[in-house]
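If you're wondering where the values come from, they're calculated on a predicted model, not measured in any experiment. Order of the sequence lines sets the chain letters (A, B, ...), proteins ahead of strands, with each chain counted from 1.
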Amino acid sequence: MNLRDVLEQRISSAIQAAGGEDAPAMVAPSAKPQFGDYQANGCMAAAKRMETNPRQFAETVLDKLDISDIAQKVEIAGPGFINIFLRDEWLCGRLGDIAADEKLGVAAKAQPQTVVVDYSSPNLAKEMHVGHLRSTIIGDALARVLEFLGNKVIRQNHVGDWGTQFGMLLTHLDEVGQSGESLADLEDFYRDSKKRFDEDEDFADTARQAVVKLQAGDEHCRENWRRFLDISLAHCQEVYDLLGVQLTAADVRGESAYNDDLPRVVADLDTATLLAESQGARGVFLDEFKNKDDERAFIIVEKSGGGYLYATTDLAAIRYRTGELGATRILYVTDSRQGQHFAQVFLIAQKAGFASPEISLEHVPFGMMLGDDGKPFKTRTGGTVKLMDLLAQARAEAEELVRRKTPGLDDDHYAAVAKAVGIGALKYADLAQNRTSDYVFAWDKMLSLEGNTAPYMQYAYARIRSIFRKAAEAGEPAADSQEAGIVITAPAERNLAVKLLQFAETIDAVAATTMPNILCGYLFELAGAFMSFYEACPVLKSHGQTRSSRLALCDLTARVIQKALELLGIETLEQM
RNA sequence: GCGCCUGUAGCUCAGCUGGAUAGAGCAGCGGUCUUCUAAACCGCAGGUCAGAGGUUCGAGUCCUCUCAGGCGCGCCA
């Protein structure tokens, strides 16, 4: 049950009844406690359109508003705000509802969509590096959230497995032999190949021929190519597993998968009378965009030599996704620099009829990861940071910290905590940021374990679990949230209760905006509300109904935190 | 030249699509552990929202211009 939607509907219909047409109620959580739990801001705008006094109009709306079952008090404030103070008993009732609900009040969407989420998409010619991290983490979180809402989510790992660089890799593979050893470090292998390519003209020629042979379906080249991809994909899978990212081999559909379809894409653009020729290349002119010379942009789909480009592949992918996969919404989680490219591809796809107007094509952009010097994140020596190394460091840093903070536990425990905390901190630091802006990557900040970080949430969860362990040790029945009723007796309980009920509207907002940081912001408020409750309201030392109610609140909080972290792809721990 | 993004407290960032007196976390200062995990909690201080105009009941948010930084714009992805 989306609390905000409930209020929105009630008040909107009151506004309508008051003569305000279909003006939205514009319900939002109140800015300050004295303004109640929620405020409706729509009366001012509606009154303006009607050319009446906003306060008077708000009065009329209140007359039409039947909300006494939900709100204990509704008042008009300022120029025409409606402030809503929710009824404690009603809050408690709704808490009972979500406690009994596996999905914690998040209702399945009335009309589920088929959503394709295109994310991660590393270049298989190289090892995964920090440049792939944000797409992988953000995309995975969005896929989980959309799935949780009941949508059919199809993950697509659009890996780069078909570029010209494969000619050079295959040639080098032939030269150095096919031992697994030579491919142990893909980054080294790539660098060696590149070096040969740049320095040896014969090698370069052979490499270029290899590309042609590969694309022509030459048996030997195909075999080597397949072998190379297997190794590279296995490496990716290792990273995904370690990261707790849900991508599998089944989600991989690389550029090569669209190869046979590319001539048809060009032919269909021609049929749609979009295709033009310029300097031997074929492409689409777009009046909507301009090039460097201030002329209309020309998007090339077929090179003068006959090869295809990424715009072509992306167009083929759109058609596959809307056609074969039946997607009605497609998300592209890539860095913001590709914004213009996608705007152009989407436009062409729509003009050509590859995607009908109802289908939502969305670029989900994100900014760069910067070092603390404000420049793109690199190793100290200026090299690319491998994802594997980064993850190893995350665990090492976390383990050092855990051993220091909580001494005297066994090694297995430290290893488990280090993984959950280290990887969690890394992912959370990324997700908590508004994805559109660049963000400064700093170990000490994300592992400082203070503020809006994964460990703070994990700690809140662990504290709750500890309460239940204590209760069990004492042999007392620890009533859970599904059985015991919740009563509100203290302000801290009330704050926590309202936060718990806002889980559903938060999830809806994340799905609508594709902004995971909204969920992180919510978690921080929820965990904060719990911490305050924890300090102010003794649980095990209280008695009777208060005790069982507080235990129920604890249990419900734990479940919401766990679910929210799970949707972000972050583990929880029974003990830290 | 055209276009996109960014500019908010000393630092790192929010700001729910136009709402009330702009919020957090670090860092700083001051409190709270014989009491369910102090990796915590409570409080104080900190602001010309880059700048200038404009739109209106109301602007960090929308429009115009300026400044600063980043990125992109025909055969790489």
Return no unless some side-chain N or O of A/K303 is found under 4.0 Å from OP1 or OP2 of B/G74.
no

Note: A/R55-A/E59 ion pair, threshold 4.0 Å (strictly below)
no

With sugar-phosphate meaning primed atoms plus P, OP1 and OP2, does A/M515 contact a base, only sugar-phosphate, or nothing at under 4.0 Å between heavy atoms?
nothing

Looking at A/T436, does any N or O in its side chain come under 4.0 Å of the phosphate oxygens OP1/OP2 on B/C4?
no

Within 45° of the axis and under 6.0 Å from the centre of the six-membered ring of A/F289, does NZ or CZ of A/R296 qualify?
no

Secondary structure of RNA chain B in dot-bracket form (Watson-Crick or G-U wobble, distances below 3.5 Å, | marking inter-strand pairs):
(((((((..((((.....[...)))).(((((.......))))).....(((((..]....))))))))))))....

Inter-residue atom distance A/D37.CG - A/F85.CZ, 0.5 Å rounding:
7.5 Å

So, is the end of the A/R4 side chain (NZ or CZ) under 6.0 Å from the ring centre of A/Y38 and within 45° of the ring's axis?
no

With sequence neighbours left out, the residues meeting ring-ring contact (aromatic ring centres under 6.0 Å, His included) with A/F57 are none

Base, sugar-phosphate alone, or nothing: which one does A/Y534 contact when heavy atoms must sit under 4.0 Å apart?
base

Flag this pair as yes if the NZ/CZ of A/R134 is under 6.0 angstrom from the six-membered ring centre of A/Y439 and inside a 45 degree cone about the axis; otherwise no.
no

Is any side-chain N or O of A/Y459 under 3.5 Å from a base N or O of B/A39, one able to act as donor and the other as acceptor?
no

Mind checking A/S532 for me? I need base, sugar-phosphate or nothing, with any heavy atom below 4.0 Å counting as a touch.
sugar-phosphate

